[in-house]
Undergrad: 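Please see the structure below; I have some questions.
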Amino acid sequence: RQQFVVTLKKTTTDGDAVLQLKPLVPSDDIERIELTVSAATADIYRIATINSYGDETVIELSEITPKKVVDDSLFTFKIPDNIDIIQLSD
């Protein structure tokens, strides 16, 4: 809540909450973020970012296993060639 205004955008037919996060400092990169939270488990299962041009990027999470410890060595992130990286301010 230090960087966003958080509001309840809507409730789905399943009773899940769609939270809308709007940055306190306007940005072309992120106009808002929408998080869909399961009413049954309180898990976030959908993340959508919308920029000032209306472009939407959606990440859907499934088969969530809460509180399972995963060794960091399982993850290796390599930035592909010919990719532009946009640094967002804090």
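Worth knowing before you read on, the calculation uses all heavy atoms, side chains too, and leaves out hydrogens, waters and symmetry mates.
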Undergrad: Mind checking the OG1-CD spacing from Thr49 to Glu34? Nearest 0.5 Å is all I need.
TA: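 The CD atom of Glu34 is 10.0 Å from OG1 of Thr49, to the nearest 0.5 Å.
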Undergrad: Would you kindly confirm whether Val58 and Ile50 end up in one hydrophobic cluster when ILVMFWY residues are joined by side chain heavy atoms under 4.5 Å apart?
TA: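 Hydrophobic grouping puts Val58 apart from Ile50.
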Undergrad: Look up atom CG in Asp29 and atom OH in Tyr53, then write down how far apart they are to the nearest 0.5 Å.
TA: 8.5 Å
Undergrad: For Val18 and Thr36, which heavy atoms make the closest approach, and how far apart are they?
TA: CG2-OG1, 3.9 Å
Undergrad: With a 4.5 Å heavy-atom cut-off, do Ile79 and Ile85 have their side chains touching?
TA: yes
Undergrad: Please check if Ile47 and Leu19 belong to a single hydrophobic cluster, counting links between Ile, Leu, Val, Met, Phe, Trp and Tyr side chain heavy atoms closer than 4.5 Å.
TA: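 Cluster IDs for Ile47 and Leu19 match.
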Undergrad: Quick one: are Leu24 and Val5 in side-chain contact, heavy atoms under 4.5 Å?
TA: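 With C-beta onward as the side chain, the pair touches.
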Undergrad: For Pro23 and Ile30, which heavy atoms make the closest approach, and how far apart are they?
TA: CG-O, 3.4 Å
Undergrad: Atom NZ of Lys22 and atom CD1 of Ile33: how far apart are they, to the nearest 0.5 Å?
TA: 12.5 Å
Undergrad: Show the nearest heavy-atom pair for residues Gly15 and Ala39, with the distance to one decimal.
TA: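 Looking at all heavy atoms of both residues, the shortest contact is O-CB, 3.2 Å.
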Undergrad: So, Asp71 side chain and Ser73 main chain: donor-acceptor pair closer than 3.5 Å or not?
TA: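 Pair found, side chain donor or acceptor close to backbone of Ser73.
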Undergrad: Measuring from atom CG of Leu21 to atom CG of Leu35, what distance do you get when rounded to the nearest 0.5 angstrom?
TA: 5.0 Å
Undergrad: Heavy atoms only: give me the nearest Ala17-Leu8 pair and the separation to one decimal.
TA: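 Answer, listing the atom of Ala17 first, then Leu8: CB-CD1, 3.8 Å.
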Undergrad: Can a side-chain donor-acceptor contact be found between Asp14 and Thr12 if the only test is distance below 3.5 angstrom?
TA: no
